[in-house]
Amino acid sequence: FCSRQVIRVVALTATADDKPSSSRRATDRPCPDEPAGPRPNQHLGPRLSARPMHRADQPIDVALTSNGSGDGVLAERTGRLLRIDGGVITRDVVLDLRDDTSADGDGGLLDVTYDPDGRWLFVYRTTARQDDEITAYPLDAAGLPLALGERVIQHIGRATSKQNHGGSMAFAPDGLL
C-alpha cells in the first residue's frame, strides 16, 4: 500500500426512524412474471451447462488476482473469505472476520479487490458496531491475505443502523482506489 494513494469514500447516514430504505423494499419484493421470450428449451446459440461447484454462505463477491492464474478469494457476506485456487473454489478459509462483521440489514462483508500490483487485498465491510470500514491485508508468497498485517484504510463511524450500508471498490487506471 502506497501512502500517496488517495481513497474517496461516500457514506450515507440512516434516517432517524431506521426503516428499510426504498431500495431495500424494492429488492425484498417478489419478482414479476417473466416477460415473453424464448422458452427454456429453445436454443438460440451454443449450449452451456451449469453445475454446482461449491456451497458458500451468502456469497457476495469474487476477487481474482491479475496474473491470470484464476487464483483469488470468494467473499461471504457473513465475513469469511474462501480461497479460489486455479478457478476452483476451495473450502480453505483464508480470512475470517465474522467476529467483527455485522451482516444485519444492508451490512456485512460488502466488497473485496486486489490492488493493481497484487500485493494487497482490500476489504470493505460493516463492523459489529455498524460502522463501515475498508481494511487492507498484505499478501503472502502464495497470494493469501495475512490477517496480522491488517491496516485500517478508512473507518466511517456512523449512527447505529442496519440500513444504508453498501457500495463497492475498484482501482482506477491511475492506481487510485
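Bear in mind the structure is a predicted one, so any value in this text is a computation, not a measurement.
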Is there a side chain to side chain contact (heavy atoms under 4.5 Å, CB included) between Ile84 and Thr90 once you walk through the steps?
CA-CA 6 Å; Ile84 299 175; Thr90 71; over 6 Å; no
Steps toward side chain to side chain contact (heavy atoms under 4.5 Å, CB included) verdict (Ile156, Asp131)
CA-CA 6 Å; Ile156 304 166; Asp131 294 331; 5.9 Å; no
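- Val112 belongs to a hydrophobic cluster with Val73, Leu81, Val94, Leu95, Leu97, Leu109, Tyr114, Leu121, Val123, Tyr137, Leu139, Leu144, counting contacts under 4.5 Å between side-chain heavy atoms of Ile, Leu, Val, Met, Phe, Trp and Tyr, direct or through other members.
- A donor-acceptor pair under 3.5 Å is absent between the side-chain atoms of Asp117 and the main chain of Arg119, judged by distance alone.
- Both Ile89 and Val62 sit in one connected hydrophobic cluster of ILVMFWY residues. Membership requires side-chain heavy atoms under 4.5 Å apart, directly or through other members.
- Considering every non-hydrogen atom in both Ser69 and Asn67, the closest pair reads OG-OD1, 2.7 Å.
- Of the N and O atoms on the side chains of Gln130 and Ser102, at least one donor lies less than 3.5 Å from an acceptor on the other residue.
- A heavy-atom distance below 4.5 Å is not found between the side chains of Glu133 and Gln154.
- Side-chain atoms of Asp115 come within 3.5 Å of backbone N or O of Gly118 as a donor-acceptor pair.
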Full working for side chain to side chain contact (heavy atoms under 4.5 Å, CB included) between Trp120 and Arg151:
CA-CA 10 Å; Trp120 293 88; Arg151 290 188 188 177; 3.6 Å; yes
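- Inter-residue side-chain proximity for Leu82 and Val93 is flagged as met; some heavy-atom pair is nearer than 4.5 Å.
- Of the inter-residue distances, the one linking Asp71 atom CG with Ser66 atom OG reads 11.0 Å to the nearest 0.5 angstrom.
- Classification of Asp100 and Arg125 as a salt-bridged pair holds, one side-chain N sitting under 4.0 Å from a carboxylate O.
- Of the inter-residue distances, the one linking Ile153 atom CD1 with Phe122 atom CZ reads 5.5 Å to the nearest 0.5 angstrom.
- Atom CD1 of Ile134 is separated from atom NE2 of His155 by 11.5 Å, given to the nearest 0.5 angstrom.
- The heavy-atom pair separating Pro116 from Gly175 by the smallest distance is CG-CA, 4.4 Å.
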Is there a side chain to side chain contact (heavy atoms under 4.5 Å, CB included) between Leu74 and Asp61? Walk through the geometry before answering.
CA-CA 6 Å; Leu74 169 81; Asp61 197 15; over 6 Å; no
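- Between Thr113 and Leu177 the shortest side-chain heavy-atom distance falls below 4.5 Å.
- When the shell of 6.0 Å around CG of Asp99 is examined, it contains 12 or fewer heavy atoms from other residues, nucleotides or ligands.
- Interatomic distance, Asp57 CG to Thr78 OG1, rounded to the nearest 0.5 Å: 4.0 Å.
- To the nearest 0.5 angstrom, Arg91 atom CZ is 15.0 Å from Arg83 atom CZ.
- Here the side chain of Arg77 pairs a donor or acceptor atom with the backbone of Ala103 at under 3.5 angstrom.
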